[in-house]
Amino acid sequence: MYGNYDTATAGASLGENAPEDAEQRFDQLIAAEQRIEPRDWMPDAYRKTLIRQIAQHAHSEIIGMQPEGNWITRAPSLRRKAILIAKVQDEAGHGLYLYSAAETLGVDREELLDLLHTGRQKYSSIFNYPTLTWADVGAIGWLVDGAAIMNQVPLCRCSYGPYARAMVRICKEESFHQRQGFEILHTLSHGTPGQKAMAQDAVNRYWWPSLMMFGPPDEASAHSAQSTAWGIKRFGNDELRQRFVDMTVLPDADLRWNPERGHHDFGAIDWDELARVIRGDGPCNAERMRRRRQAHEDGAWVREAAQAYADRRARPDLDRVRAS
Ligand code: FAQ
């Protein structure tokens, strides 16, 4: 639907404003660091970029439920199981806020899910890696949620109001997630030699893919310049990645403090691997997509029941007819 979105109609929502006035007002709002709201006129490309990014983000949240959901039945204690269920449920909630934010741009959720299921929209590369041990749940919480927080806190100041507001709540919840991941790894790393080795192995496997979450290097980032000019992105991919490295400082053989840059230098990232995973050739892409499509089909009866209920609520007269 967004491809055909009628920008003339969107402009008309400003009432008597001619399109040039509307564009000027948009530019002024961006320059003044104020928020763009759904009824405001906005350039078609701004709308499309937001739909793309918010939808990819929403898809990542719901696909991200799979690698961790994989461990719900095998969590090592009832307490760990309860915490993990709550976390996975939070991710579904994040998906919901984000799909709702995307809908304010004139696209509906059904259409976005269809774009995901047919491979025309992406989700984060990180969720195409397997969760082989319980320690992976800790590594996801600490590293993946940690990287997500680094990337997403600036999005709370994004120029588009509904996205920025959704991100405030998401970031608060992500902080709990990161803490539970840290706590799992902390416990394992104070356990038996086998538990320590398991924690180290999980961190080793998730470290590089976590750095890839920030996206390609700036010079290869197609959208960064325009998204930054529009106040959607506040920092480049490399700057956020560097901040994450500086904060986490994991044993990478090439990691060195560089006093001139005031940052840690770190080892080379395998950009071919990121490109492969984004293209669909990661270790778990096919499985993630298969399970997502299956879950969607399995949920058809819920959507139908919800629709029937909503239709009935909209026609209270039908109940009266039947009762009489
Ligand atoms: N994976 O020009 P750029 C989470 C694509 S949520 C896949 O730099 P942009 C919470 C990019 O889409 C994790 N694709 O793009 C959680 C573009 O392709 P396109 C998700 C990637 O948008 C934890 C192309 O490459 N977070 O973890 C990736 O300016 C645990 C060129 O790239 C968000 O979505 C990648 N890693 O910057 C949940 C945050 N990187 O669209 C469950 C919001 C790049 O032209 C469990 N998004 N691409 O076909 C963003 O901040 C940005 O969209 C970036 C990419 C930084 C991800």
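Both ligands and their constituent atoms are indexed starting at 1 by order of listing. What you see below is based on every heavy atom in this structure, not just the backbone, and it leaves out hydrogens, waters and symmetry mates.
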Salt bridge (charged side-chain N to carboxylate O under 4.0 Å, His left out) partners of residues 56-72, not counting sequence neighbours, each pair once
Glu68-Lys87

With sequence neighbours excluded, tell me which residues meet ring pair (Phe, Tyr, Trp, His ring centres under 6.0 Å) with Tyr46.
Phe26, Trp230

Any side-chain donor near an acceptor of the partner, Arg79 and Ser77, under 3.5 Å
no

Within the 6.0 Å centroid threshold, strictly below: Phe244 and His264:
no

Are the charged groups of Glu239 and Arg243 less than 4.0 angstrom apart, N to O?
yes

Is there any protein N/O under 3.5 Å from an N/O of ligand 1, and what does the full list of such pairs look like?
| unit_1 | atom_1 | unit_2 | atom_2 | d |
| --- | --- | --- | --- | --- |
| ligand 1 | 1 (N) | Ser125 | N | 2.9 |
| ligand 1 | 1 (N) | Ser125 | OG | 3.3 |
| ligand 1 | 2 (O) | Ser221 | OG | 3.1 |
| ligand 1 | 2 (O) | Ala222 | N | 2.9 |
| ligand 1 | 2 (O) | His223 | N | 2.8 |
| ligand 1 | 8 (O) | Ser221 | OG | 2.7 |
| ligand 1 | 8 (O) | Asn237 | ND2 | 2.9 |
| ligand 1 | 12 (O) | Gln56 | OE1 | 2.8 |
| ligand 1 | 12 (O) | Gln56 | NE2 | 3.2 |
| ligand 1 | 18 (O) | Lys122 | NZ | 3.2 |
| ligand 1 | 22 (O) | Arg52 | NH1 | 3.1 |
| ligand 1 | 22 (O) | Arg52 | NH2 | 3.3 |
| ligand 1 | 29 (O) | Lys233 | NZ | 2.6 |
| ligand 1 | 36 (N) | Ser125 | OG | 3.0 |
| ligand 1 | 36 (N) | Met212 | O | 3.4 |
| ligand 1 | 36 (N) | Met213 | O | 3.4 |
| ligand 1 | 37 (O) | Lys233 | NZ | 2.9 |
| ligand 1 | 41 (O) | Arg52 | NH1 | 3.0 |
| ligand 1 | 41 (O) | Gln56 | NE2 | 2.7 |
| ligand 1 | 45 (O) | His223 | NE2 | 2.6 |
| ligand 1 | 49 (O) | Lys122 | NZ | 2.3 |
| ligand 1 | 51 (O) | Asn151 | OD1 | 3.4 |
| ligand 1 | 51 (O) | Asn151 | ND2 | 3.1 |

Of all pairs that satisfy ring-ring contact (aromatic ring centres under 6.0 Å, His included), the ones with a partner from residues 284-310, not counting sequence neighbours
His117-His296

